[in-house]
Amino acid sequence: MRLKIKLFSHVLRHGLYPLSFHFTRQLASSSSSSSSSSSSSSFSQELATNLQILCSTGHLDYALTDMARLGLQMKFHEYDTLINECVKQKSLRGGQRVQAHMIKTQYTPSVYLGTRLLILYNKCDCLWDAQQVFDEMPDRNVVSWTDLMSAYSKKGYASEALNLLVKMLRSGTEPNEHTFSTALTCCTGVYGLEHGMQIHNLTIKTSFQSHLYVGSSLLDMYAKAGEIHEARLVFEDLPQRDVVSCTAIISGYAQLGLDEDALKLFHRFQKEGMASNYVTYASVLTAVSGLAAYETGKQIHSHILRSKLPFYIILQNSLIDMYTKCGQLNYARKVFDKMSERTVISWNAMLVGYSKHGMGTEVSNLFELMRKENKVKPDKVTFLAILSCCSHGHMENKGLQVFDEMMSGKDGIVPDIEHYGCIVDLLGRAGKLEKAFEFIKKMPLKPNPAILGSLLGACLVHSNLDIGETIGYQLLEIEPENPGNYVILSNLFASKGKWDNVRMIRNLMEIKAVAKVPGKSWIEIDQTLHTFHSGDQSHPKMELVYGKMKELLVKLKEYGYCPDLSRVLYDVDDEQKEKIVLGHSEKLALVFGLIFSPKGKAIRIMKNLRVCVDCHSFAKVVSRVCEREVFMRDKNRFHHIVNGVCSCGDYWVFHLTSTDAERPCNHDLLVGIDMYIFSIGRSQMKDPATTI
DNA sequence: GTAGGGTTAG
């Protein structure tokens with residue numbers, strides 16, 4: 001027999017396979033001198049052996065032919081071998097033939113074989129067929145239930161998957177660790193936490209909560225529900241950890257924007273000797289991107305290179321994203337250009353990067369290249385990046401043309417509310433408010449607060465009370481918790497001298513007790529992040545910062561910088577006002593960078609909200625006087641300032657000064673934060689009670 | 001046999 005296999009393998013290797021069974025039979029009979037005639041049963045036995053050999057050598061089609069020849073002689077072992085090979089090759093056709101053979105020969109598969117068939121269909125992405133097999137099974141076991149559940153979950157049918165869990169428990173089948181880890185991945189969305197907690201209870205009752213896989217799913221479930229504290233407790237309670245559980249907790253922090261915690265954990269795990277894989281790095285890079293911690297990002301990139309990981313597309317995408325968010329477009333482009341294969345996310349990450357930097361030409365060229373290569377189709381995000389860039393870069397015609405291109409349906413994309421939002425923003429910024437309003441009325445989707453807010457902002461910039469009032473009241477109704485809406489509407493009324501309306505909005509805001517997000521800025525020096533708040537005194541080097549600020553101010557004033565005191569809402573003298581304005585978090589971070597980074601090195605500052613107009617002017621003058629390149633990343637975009645000129649083109653500053661120097665810019669107000677929230681020029685104020 | 005963590009946009 002050993003000789004037979006050896007010879008047969010040789011034949012297979014040398015391409016003489018079509019002789020198939022007859023050939024092997026001859027080999028078998030010539031190697032056996034004891035018998036010259038084969039009985040029917042030994043014939044079947046040889047056929048069955050042949051089938052095994054064919055499967056073990058990956059010749060599924062021939063094995064299936066042997067199955068047909070075997071007819072009623074097909075038994076458990078042969079079916080099992082065949083199905084295993086079908087699973088290995090993900091052969092749907094093979095599975096269908098095996099199942100058809102079972103039906104034809106009236107073979108009743110065991111629970112095990114039925115489950116293998118079900119697994120096969122799921123591997124071939126045929127959920128419907130799997131469900132059919134499942135429905136026809138007289139008995140099921142934990143594997144059948146769990147695999148079907150997993151298939152529903154992978155297809156995104158989380159509630160169907162959870163329904164299966166309930167049915168399984170009702171049927172009396174006991175769940176195992178696979179069942180729980182699968183079930184927990186279904187616990188996302190509105191009822192995710194509620195269901196997840198119930199499953200958590202079950203895992204405690206069945207003592208599975210400390211299982212490594214179950215624990216990872218559990219902590220991930222809590223993190224995705226925003227319950228990071230609970231996730232951390234589960235993680236700390238795990239009796240053992242591995243790269244997946246460690247990555248899950250890092251990613252949990254990163255996805256919630258708790259980037260510093262994510263990085264701290266990563267560094268801790270590294271010290272403890274934990275191995276990282278590409279998922280770990282992708283998660284850490286998300287945190288680095290959030291913080292724009294360029295030096296840390298570079299270090300992690302070199303770690304990745306040293307670790308000799310294969311060039312995973314996902315990891316390269318994360319690197320592109322990290323570099324663009326750190327303002328290093330050249331590095332991002334290098335990673336992008338070196339990719340041997342790209343997904344739509346690679347293109348999008350690069351396009352979004354250019355878009356955030358207002359680089360319209362680069363966005364346009366890259367999109368053209370994407371079309372030319374024609375390997376990857378653009379998706380909704382691609383168009384969002386392009387439309388958003390057109391909107392910020394005053395490319396009205398180009399934006400409308402791209403929108404039409406998307407609407408033509410050639411890419412099979414149905415525009416989302418965000419795409420319509422870009423067009424409203426585009427028209428609003430261009431001052432075409434009536435057109436934007438009409439566009440909103442005609443669009444097939446219900447306008448969301450972002451769209452209405454964008455138009456309201458444009459109404460303030462372009463002084464249109466008619467549309468602004470209509471939109472503003474709608475907005476206060478559907479988004480009463482956003483302070484920006486109240487402030488913009490109030491300013492719009494104030495700009496037209498409608499003080500009663502201003503007072504009314506102010507009262508409304510007080511009644512609703514609208515919360516404001518505190519502004520903060522940060523800078524990375526030697527891989528350490530230094531965070532500042534308005535008027536900050538907490539940083540140990542603050543004395544140095546204020547000293548430098550004082551010294552700098554003399555020079556800056558010589559170059560024409562004058563702190564904009566009109567934006568301070570407190571009723572204090574000018575000296576105090578100047579102190580407040582100079583205490584803005586962006587300025588503190590910038591001056592800190594001037595002191596603690598080498599001369600001539602670019603300074604990179606991040607802010608969690610929109611940058612204030614005065615800080616923007618301050619940074620521009622600093623870049624000239626101190627001969628420093630300044631990168632400021634705010635909530636919405638990048639400001640790359642070189643020798644007093646900013647890449648943003650001062651769009652909103654332009655509107656502020658060209659129409660009314662005292663009037664606040666809408667973005668500044670949308671921020672709704674720091675110490676300068678209400679910024680109507682006091683010289684305009686006729687009624688002191690109108691000061692918020 | 002079945003199971004856990006990941007990348008762009010808003």
Side-chain angles (χ1 to χ4, degrees), chain A residues 80 83-84 87 111-120 122-123 130 140-151 153-154 168 175-186 208 211-221 223-224 231 234-235 238 241-252 254-255 276-286 289 312-322 324-325 332 336 342-353 355-356 378-389 416-419 421-422 448-451 636:
Chain A
D80 188 35
I83 295 175
N84 280 342
V87 169
V111 185
Y112 177 86
L113 273 187
T115 305
R116 291 296 289 151
L117 212 47
L118 185 150
I119 292 167
L120 170 61
N122 281 332
K123 282 261 183 324
R140 294 139 186 171
N141 62 18
V142 62
V143 184
S144 348
W145 285 100
T146 306
D147 190 67
L148 191 63
M149 208 165 88
S150 161
S153 163
K154 279 177 186 147
M168 171 186 161
N176 64 13
E177 64 275 26
H178 295 255
T179 320
F180 285 124
S181 43
T182 304
L184 285 163
T185 59
C186 305
F208 278 113
H211 186 277
L212 189 55
Y213 281 45
V214 177
S216 306
S217 304
L218 253 180
L219 78 90
D220 187 57
M221 178 276 292
K224 287 201 169 94
V234 173
F235 178 76
L238 280 177
R241 294 165 187 171
D242 68 354
V243 64
V244 175
S245 51
C246 290
T247 305
I249 190 75
I250 290 174
S251 138
Q255 280 170 6
S276 297
N277 62 19
Y278 80 103
V279 183
T280 323
Y281 286 123
S283 306
V284 176
L285 286 171
T286 303
S289 300
Y312 291 103
I313 298 182
I314 285 170
L315 195 45
Q316 288 170 309
N317 293 345
S318 298
L319 283 168
I320 295 171
D321 177 55
M322 183 273 288
T324 59
K325 289 200 173 133
F336 180 84
R342 300 181 189 110
T343 61
V344 69
I345 295 180
S346 327
W347 290 92
N348 290 349
M350 201 63 238
L351 284 166
V352 168
S355 170
K356 293 258 176 194
D379 69 359
K380 291 186 173 190
V381 181
T382 319
F383 284 104
L384 266 183
I386 301 166
L387 291 174
S388 155
C389 187
D416 268 349
I417 192 79
E418 284 87 5
H419 298 102
C422 284
N448 63 8
I451 288 189
N636 279 17

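In what follows, every chain begins at residue 1, and chains take the letters A, B, ... in the order their sequences are listed.
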Chemist: Please evaluate the base of B/dG4 for a donor-acceptor partner in the side chain of A/Asp242 within a cut-off of under 3.5 Å?
Modeler: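 Per atom types, the contact qualifies.
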Chemist: Please determine, for the side chain of A/Val143, which listed nucleotide (B/dG6, B/dT2, B/dG10) has the closest atom?
Modeler: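 Side chain of A/Val143 sits closest to B/dT2.
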Chemist: Nearest of B/dA3, B/dG6, B/dG10 to any side-chain atom of A/Ser251?
Modeler: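 Within the option list, the nearest is B/dG6.
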Chemist: Counting side-chain heavy atoms from CB outward, which of B/dG6, B/dT2, B/dG5 is closest to A/Ala248?
Modeler: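 Given the options B/dG6, B/dT2, B/dG5, the side chain of A/Ala248 is closest to B/dG5.
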Chemist: A/Ser150 has a side chain; which of B/dT7, B/dA3, B/dG1 sits nearest to it?
Modeler: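 Output: B/dA3.
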Chemist: Counting only side-chain heavy atoms from C-beta out, which of B/dA9, B/dG4, B/dA3 sits nearest to A/Leu212?
Modeler: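 Of B/dA9, B/dG4, B/dA3, B/dG4 is nearest to the side chain of A/Leu212.
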Chemist: Under the 3.5 angstrom rule, does the side chain of A/His211 hit a backbone N or O of A/Phe208 as a donor-acceptor pair?
Modeler: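 No, because the side chain of A/His211 does not come within donor-acceptor range (under 3.5 Å) of the backbone of A/Phe208.
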Chemist: Applying a 4.0 Å non-hydrogen cut-off, can you work out what A/Thr286 is touching in the nucleic acid: base, sugar-phosphate, or nothing?
Modeler: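 If one applies the 4.0 Å heavy-atom cut-off, A/Thr286 turns out to touch the sugar-phosphate alone, with no base involved.
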Chemist: Could a donor-acceptor pair under 3.5 angstrom be found where the side chain of A/Thr115 meets the base of B/dG1?
Modeler: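 Result: at least one qualifying N/O pair found.
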Chemist: Under 4.0 angstrom, heavy atoms only, what part of the nucleic acid is A/Thr280 near: base, sugar-phosphate, or nothing?
Modeler: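 Base, at least one base atom sits under 4.0 Å.
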Chemist: Please tell me which of the listed nucleotides, B/dG4, B/dT2, B/dT8, lies nearest to the side chain of A/Val381?
Modeler: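 For the A/Val381 side chain, the nearest candidate turns out to be B/dT8.
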Chemist: Tell me whether the OP1 or OP2 atom of B/dA9 has a side-chain N or O from A/Lys325 closer than 4.0 Å.
Modeler: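 Yes.
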Chemist: Would you say the side chain of A/Tyr112 and the base of B/dG1 hold a donor-acceptor pair, judged only by whether the two atoms sit under 3.5 Å apart?
Modeler: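 Counting by modelled atom types and ignoring angles, no donor-acceptor contact under 3.5 Å is found here.
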Chemist: Choose from B/dA9, B/dG5, B/dG1 the nucleotide whose nearest atom is closest to any side-chain atom of A/Asp220.
Modeler: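 Of the options given, the side chain of A/Asp220 lies nearest B/dG5.
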Chemist: Can any side-chain N or O of A/Ser153 pair as donor or acceptor with the backbone N or O of A/Met149 at less than 3.5 Å?
Modeler: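 Looks like no, no N/O pair under 3.5 Å.
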Chemist: With a 4.5 Å cut-off on side-chain heavy atoms, are A/Leu238 and A/Ser245 touching?
Modeler: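 Yes. Closest side-chain heavy atoms under 4.5 Å.
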Chemist: Categorize A/Asn141 for me: base, sugar-phosphate, or nothing, with a 4.0 angstrom heavy-atom threshold over every strand shown.
Modeler: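 Base contact.
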Chemist: With the side chain of A/Val244 defined as its heavy atoms from C-beta on, choose the nearest nucleotide among B/dG4, B/dA9, B/dG6.
Modeler: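 My answer, after comparing the listed nucleotides, is B/dG4.
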Chemist: Counting side-chain heavy atoms from CB outward, which of B/dA3, B/dG4, B/dT7 is closest to A/Ser318?
Modeler: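 Output: B/dT7.
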Chemist: Does A/Asp147 get its side chain close enough to the base of B/dG1, under 3.5 Å, for a donor-acceptor pair?
Modeler: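 Flag unset: no donor-acceptor pair detected.
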